[in-house]
Amino acid sequence: MSNAENFEDVVKSRRDEKVAEFDLIEKNVFHRLHSLLHRTPALVPLIVLVVACVVFGLINANFWRISTLSLIFQQIGIVGILGIAQSLVVLTAGIDLSVGAMAVLTSVIMGQFTFRYGLPAEVAIAIGLAAGTMMGAINGVLVARMRIPPFIVTLGTWQVFLATNYIYSANETIRSQDIEANAPALQFWGTAFNFAGARVTLAVVLLIVLVAIMAYVLRHTAWGRHVYAVGDDPEAAELAGVPRKRVLIQAYALAGFFCGIAGWVMIGRFGSVSPSASTGILGNIQAITAVVIGGISLLGGRGTIVGMFLGALIVGVFEMGLRMAGADAQWTYLLIGVLIIAAVAIDQWIRKVSS
Amino acid sequence: MSNAENFEDVVKSRRDEKVAEFDLIEKNVFHRLHSLLHRTPALVPLIVLVVACVVFGLINANFWRISTLSLIFQQIGIVGILGIAQSLVVLTAGIDLSVGAMAVLTSVIMGQFTFRYGLPAEVAIAIGLAAGTMMGAINGVLVARMRIPPFIVTLGTWQVFLATNYIYSANETIRSQDIEANAPALQFWGTAFNFAGARVTLAVVLLIVLVAIMAYVLRHTAWGRHVYAVGDDPEAAELAGVPRKRVLIQAYALAGFFCGIAGWVMIGRFGSVSPSASTGILGNIQAITAVVIGGISLLGGRGTIVGMFLGALIVGVFEMGLRMAGADAQWTYLLIGVLIIAAVAIDQWIRKVSS
Amino acid sequence: LITKTDTNPFFVKMREGAEAKAKELGIGLKSYAGKVDGDNETQVAAIETCIADGAKGILLTASSTSAIVPSVQKAREAGLLVIALDTPLEPIESADMTFATDNFLAGELIGKWAAASLGDKAADAKIAMLDLDVSQPSVDVLRDQGFLQGFGIDLGDPNKWGDETDPRIVGNDVTQGNEEGGRKAMENLLARDPEINVVYTINEPAAAGAYEALKAIGREKDVLIVSVDGGCPGVANVADGVIGATSQQYPLLMASKGIEAIAAWAKDGVKPQASEGKSFFDTGVALVTDKPVDGVESISVEDGRKLCWG
Amino acid sequence: MEPLLKARNLVKRYGRVTALDQCDFDLMPGEILAVIGDNGAGKSTLIKALSGAVIPDAGTMWLDGAPIEFSSPNDARAKGIETVYQTLAMSPALSIADNMFMGRELRRPGFMGNWLRKLDHKAMEDFARKKLSDLGLMTIQNINQPVETLSGGQRQGVAVARAAAFGSRVIILDEPTAALGVKESRRVLELILDVRSRGIPIILISHNMPHVFEVADRIHIHRLGRRLCVVDPKDYTMSDAVAFMTGAKEPPADVLAA
Amino acid sequence: MEPLLKARNLVKRYGRVTALDQCDFDLMPGEILAVIGDNGAGKSTLIKALSGAVIPDAGTMWLDGAPIEFSSPNDARAKGIETVYQTLAMSPALSIADNMFMGRELRRPGFMGNWLRKLDHKAMEDFARKKLSDLGLMTIQNINQPVETLSGGQRQGVAVARAAAFGSRVIILDEPTAALGVKESRRVLELILDVRSRGIPIILISHNMPHVFEVADRIHIHRLGRRLCVVDPKDYTMSDAVAFMTGAKEPPADVLAA
Ligand SMILES: Nc1ncnc2c1ncn2[C@@H]1O[C@H](COP(=O)(O)OP(=O)(O)OP(=O)(O)O)[C@@H](O)[C@H]1O
Ligand SMILES: Nc1ncnc2c1ncn2[C@@H]1O[C@H](COP(=O)(O)OP(=O)(O)OP(=O)(O)O)[C@@H](O)[C@H]1O
Ligand SMILES: [Mg+2]
Ligand SMILES: [Mg+2]
């Protein structure tokens, strides 16, 4: 049995063999589409979106007017920005229930610092953004350093920020007319301009720019890759040398910053500063909905910002389309529930067939 | 190098050696407590609970009256039962946002079938429970068969069930007096009896019995172990021979059944049947809060029903204690937010020190 | 004091009024509030806490007027004076006394005013109804149905909004009673029919949001917005022409009356009396507008500003 | 003699990667069949197809001459095919005993078991402890330890013990000794021989040539997603086998698969 | 000669289990030190303590004579200690290239890299492909494949390639060839010898005795949570080593650890 000792000699001489290539023969258009979808899963929500638009356009021709479409973009402006914040956190395998509350509180801070303390609007805005970042950082520190599950941390801070918002503002609304007269900078993102025959606000442009920037950051910088790694398998990421805690805190803080921007955009959209804006209560669920419909996994590490953006658009299109089709409020509410499930079901189905 | 062939011979003769025992010497009371806590993590919320009770008792002596304590139990009755439903789903690594909506809708079904269609209350109750089970099963089928993430499924069905509830009931409340006169069975769980000088409702007894039953089922039956396995690692569970889909559907359906019971208990507690009960909107967050404070991991597979029960109690005690201490509503929310985080932080801290 | 929510300025002011009065009379006051509109559960828990805590009386703005009744009965059995503020219970005698505005009347006033302002054009008006919430809490229904009654539209089921068949109604949408919801709801209804020229809103923040939506398409001048509440920002909006008319209510008055009644009850067991000819103590409602019309009594913005809250 | 388990032309693609490329397979009754091949050759995919964990894109399988189609691992288990996957398929948070009996728990006798469906934790723990001792995994100190707290090798031992205890028709082992120590590996080999002596055939995937040549009756050499050849360990040396499997040498025509 | 990496009296307890029991350790400069021991003996725990992944309950460590205390694996990496863990420590959803460069990504030169911090995906992919080819892992068809779609062995190969490419002071390999094929294992052994020839010492945990005896300069035998003895492979046979490690034979006094 002398071969026992030297059976490995066979492989001691290196031969670099060619690996068999098993390229798929892409049979037809249908097949090509499938394999395309499989490689770029972000396309799936896009298709859902296009189909929804076509259907609603058939039901009500007004839907396809450029002004309607611009309106949809305006309506998803805030949810979209909150969705960016939420995406960052969800990619780290967390969840941020406090995004809406942070946005409302920062908008109140911006308003009150201008009107109660008489600071220039620009300074108040900077303070508001800083406050948002700090609130986010608090979430991050509690998650990363105290090891409290993100759901609990942000459930708690959601209540804390929201209550602070009501207490601090004494529930007072700052009126649109006053802001327009004394601190127009607060309403900056509400400025409208003409584009292809429709009025578009700067908020829409901002949303698209922010989505593009964050898509770049997550895909093309080391920090972005670390966010994915931390969400994918925190232990492996740490063993591989990613500073897990620092990345977590930064992600939450950046999310807080985006909430601050959302707060500023809210003033532009509603004209006034109102502590009882429903974003404070519903913003988190709306943002999470956009994130999940957009294909970001709540388990972390998978999905893209662009997907989230499409997710927000899908919800916006459904809401507007149903309203225009004449469904009443309660039925709209019901049908949106059905459509959310259907959108994701189609997505899952396409992925399964194509794989 | 002849040893290459037979080095394994050394171990061919079996010798059953004794393994070294490394029993920890438990140094003192403090140390013993730690190691006790480490072995039984469910004790940690218990301690948080006791401390909270002592503190609130010191602030307001009325807190320690037996009637106050019985009141707390009554107040957490519905959240506790929804929490059992939620626990089942969360243990499978899911989440059920529709629990509150299912409870309200079943209570409406029970009421309307009795009063609108004139069925005997008992039959209406049975129909309500069946409806709850069916709604849960729908969730389960969508999650297990269509592979849609539970968050999306139940976000959708939450809206669907809630809207159905408003539409079906035509927003009509069935008055307590009418129920008392014509269908007292609906109010069964509101029946009070005297116990140690305080009035206790049957709902409290029911909650405790249900917790005990489900603790038994999850710990001591094969089905319970399968629920844990599916939540822990679905792929591994399936490879190991657990019928993953069937267990998921059953877990969601059972959760729906418990929501049906919660709906029945709601009628007992509030006397009337009201489609606008806020449980429909807040019940899910409340149940999730109880589940997570009680130490059940949202990632699935870890935690116990008893922990959830203690979690619900902690929230109940905090709310009652703060109200009795005279904090006004926003301050109460703020403090409950802080306390939720603090409770879990203490829990984490104790676990860390003891490990 | 138990209010529906404490995020709506209306109830915040009510609480502030009660606190001021309580301080004046040297009474201990604890306030509670529901978490969302229609939150009956939290109110039940609050009543139970009051009983357990040995309170003398409860001021309650009920979220669910009939569902709360059994708890109110328990409180009364335990010897507490229960006064319903703002919203009467159902049946109204479930509470010891009710200090309320008539929300239906408030709606009716703005409805009549709107119809009269439009004159002949009322016959082919296009109306947007901006309501509160899909769960249709009672204020929501009362104000909405009051408006339609005042405008001269057949109500269908008066306990429910949204079942009217009159073609003049473009649609109902919900606002959560804030600017955010107001704007979005208005946009949605405008997308359905851009010709809308009358907007009913559940309260003034929703009206302000609706105005922003109209402004965005440059139609703010030719649409009539009516609302209910009479808070100071709302009255200021009437002055600025944002809102055509609003029905003013008086939460501070309700609260202070309520506190006085409980103080009297605690002192010598006297229960308050109802207004003449009504089963409750009416704290009144007044239409605030600078464009009065014939046949509808109104007060000027100047007067409204003096009486406003918040 | 008819093969007990037979497969023809199995194909499985993952996107652009073809893991199984018209692969054939035969397992004779009562034999130990070793499957060897380079990393990524498709061995795990092959046995996953045989055990129902992967549904092949094309191809047919027969058990005892009857065509079979598995849609889940449970179908395969129901037919007596028990598998140790390379990923082990354990629930990390559950105890060793829970994992061993997953899907076939023992119930208490009498009322408690029949009516209240109460599990017999004690019986399961005793059984698990015994099986682990048989494998020489004595360093496991607590049978109720969650599996996630075991060392890599201990975990693998538990998985092997589970398959050996319950397999009735075919036992499939995907690299069962990869993480095991010298002593523990030896025990697994003994166990394999022991199982064969009970008449149950075994499929053994391994990269350890001495082990393969020690126990295997036949060796299936897998290369680039298909069966290259089947050799008898008595006719060929380890060097030959390695040479075939890495492509250094062409196998002679008589052993070449069709 | 002073040991490059030294540890004394390391203790690590998990609940009732003592994974390290007053364990000592020495790694000399430029040597290949093999660590062998039964499953669950505490080998992985030992190297986790040395690489900062586990913080020992007691004990002291020195690197180059200076006492060290690691609070995270990053601390150890910063000192040039690179480790392949038994669990591999990879992000399953990320690509091979992403995983190889995790924590030390390459940026584009010029404006894009310095100011927009853009990664140089191409350079990283090329580097990764080259390292994998060196290891003979030719069956990997796409360097942008997520790691979760690799076979067990391919995954391990990626982890080894990463450590070898970046380790500068000490390279620790916890069972690097467990899931590897014959050819790939051979490449890893070559790589180990190659790394030593660059003057970098290596700690190799393995259950494969022939491999251990082929490459190791000294063998640390671990038993029941502590270092039993250190032997020279030229003085003892494999049978001796296995006998010591399993407790079948007492090691002679001269090699016994203090
Ligand atoms: N889920 C998957 N998605 C994509 N590709 C996959 C998947 N599973 C396996 N593969 C690919 O299929 C090929 C065969 O993998 P398989 O696991 O069967 O190899 P193996 O022979 O078991 O290798 P090893 O000896 O390393 O375990 C590999 O190239 C692998 O990358
Ligand atoms: N996180 C943990 N919690 C509890 N016990 C643990 C943990 N990690 C390891 N152990 C225990 O510590 C002991 C040593 O484990 P370790 O992983 O160091 O063994 P090993 O020598 O590497 O074994 P193998 O060769 O099987 O990898 C084992 O008994 C194991 O059960
Ligand atoms: Mg394999
Ligand atoms: Mg190990």
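The figures here come from the full heavy-atom set of this structure, side chains too, leaving out hydrogens, waters and symmetry mates. In what follows, chains carry the letters A, B, and so on, assigned in the order in which the sequence lines appear, proteins first and then strands, with residues in each chain numbered from 1.
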(message) Check this for me, if you would: do Glu180(A) and Lys215(C) make a salt bridge, where the nitrogen-to-carboxylate-oxygen distance has to be below 4.0 angstrom?
(response) yes

(request) With rounding to the nearest 0.5 Å, note down the distance linking CG in Asn172(C) to CG in Asp144(C). (result) 6.0 Å

(message) For Gln187(A), which atoms come within 4.5 Å of any heavy atom of chain C: side chain, backbone, both, or neither?
(response) neither

(request) Name the region of Asn237(C), side chain, backbone, both or neither, that has any atom closer than 4.5 Å to a heavy atom of chain A. (result) both

(request) Name the region of Thr332(A), side chain, backbone, both or neither, that has any atom closer than 4.5 Å to a heavy atom of chain C. (result) neither

(request) Check each atom of Val242(C) against the heavy atoms of chain A and say whether the ones under 4.5 Å are side chain, backbone, both or neither. (result) side chain

(message) Need one label for Asp240(C): side chain, backbone, both or neither, based on atoms under 4.5 Å from any heavy atom in chain A.
(response) side chain

(message) Donor-acceptor check, side chain of Ser67(A) to backbone of Arg199(A), threshold 3.5 angstrom: yes or no?
(response) no

(request) Without swapping roles, check the side chain of Arg269(A) against the backbone of Gly77(A) for a donor-acceptor pair under 3.5 Å. (result) no

(request) Just give me the residue among Ser169(A), Ala325(A), Ser276(A) that pairs up with chain C most often, heavy atom to heavy atom, under 4.5 Å. (result) Ser276(A)

(request) Tell me, for Ala277(A) versus chain C, whether the close heavy atoms (under 4.5 Å) come from the side chain, the backbone, both or neither. (result) both

(request) Look at Ser176(A), Ala192(A), Ala170(A) and state which one has the largest set of heavy-atom pairs under 4.5 Å with chain C. (result) Ser176(A)

(message) At a 4.5 Å cut-off on heavy atoms, which part of Ala236(C) comes close to chain A: side chain, backbone, both, or neither?
(response) both

(request) Tell me, for Gln176(C) versus chain A, whether the close heavy atoms (under 4.5 Å) come from the side chain, the backbone, both or neither. (result) side chain

(request) Indicate whether the side chain of Gln249(C) and that of Asn103(C) have a donor and an acceptor atom separated by less than 3.5 Å. (result) yes

(request) Pick one of side chain, backbone, both or neither for Gln177(A), based on which atoms fall under 4.5 Å of a heavy atom in chain C. (result) side chain

(request) Using the salt bridge (charged side-chain N to carboxylate O under 4.0 Å, His left out) rule, pick out the option among Glu180(C), Glu179(C), Glu187(C) that qualifies with Arg183(C). (result) Glu187(C)

(message) Please classify the contact between Ser278(A) and chain C as side chain, backbone, both or neither, with a heavy-atom cut-off of under 4.5 Å.
(response) both

(message) Quick check for you: among Val170(C), Leu190(C), Asp173(C), Asp131(C), which has the greatest number of heavy-atom pairs under 4.5 Å with chain A?
(response) Asp173(C)

(message) Between Phe63(A) and Ile72(A), is there a side-chain heavy-atom distance shorter than 4.5 Å?
(response) yes

(request) Would you mind checking if Lys160(C) and Asp163(C) are paired as a salt bridge, meaning a charged N to carboxylate O distance below 4.0 Å? (result) no

(message) Do Arg323(A) and Phe318(A) form a cation-pi contact, if we require the NZ or CZ to be under 6.0 Å from the six-membered ring centre and within 45 degrees of the ring's axis?
(response) no

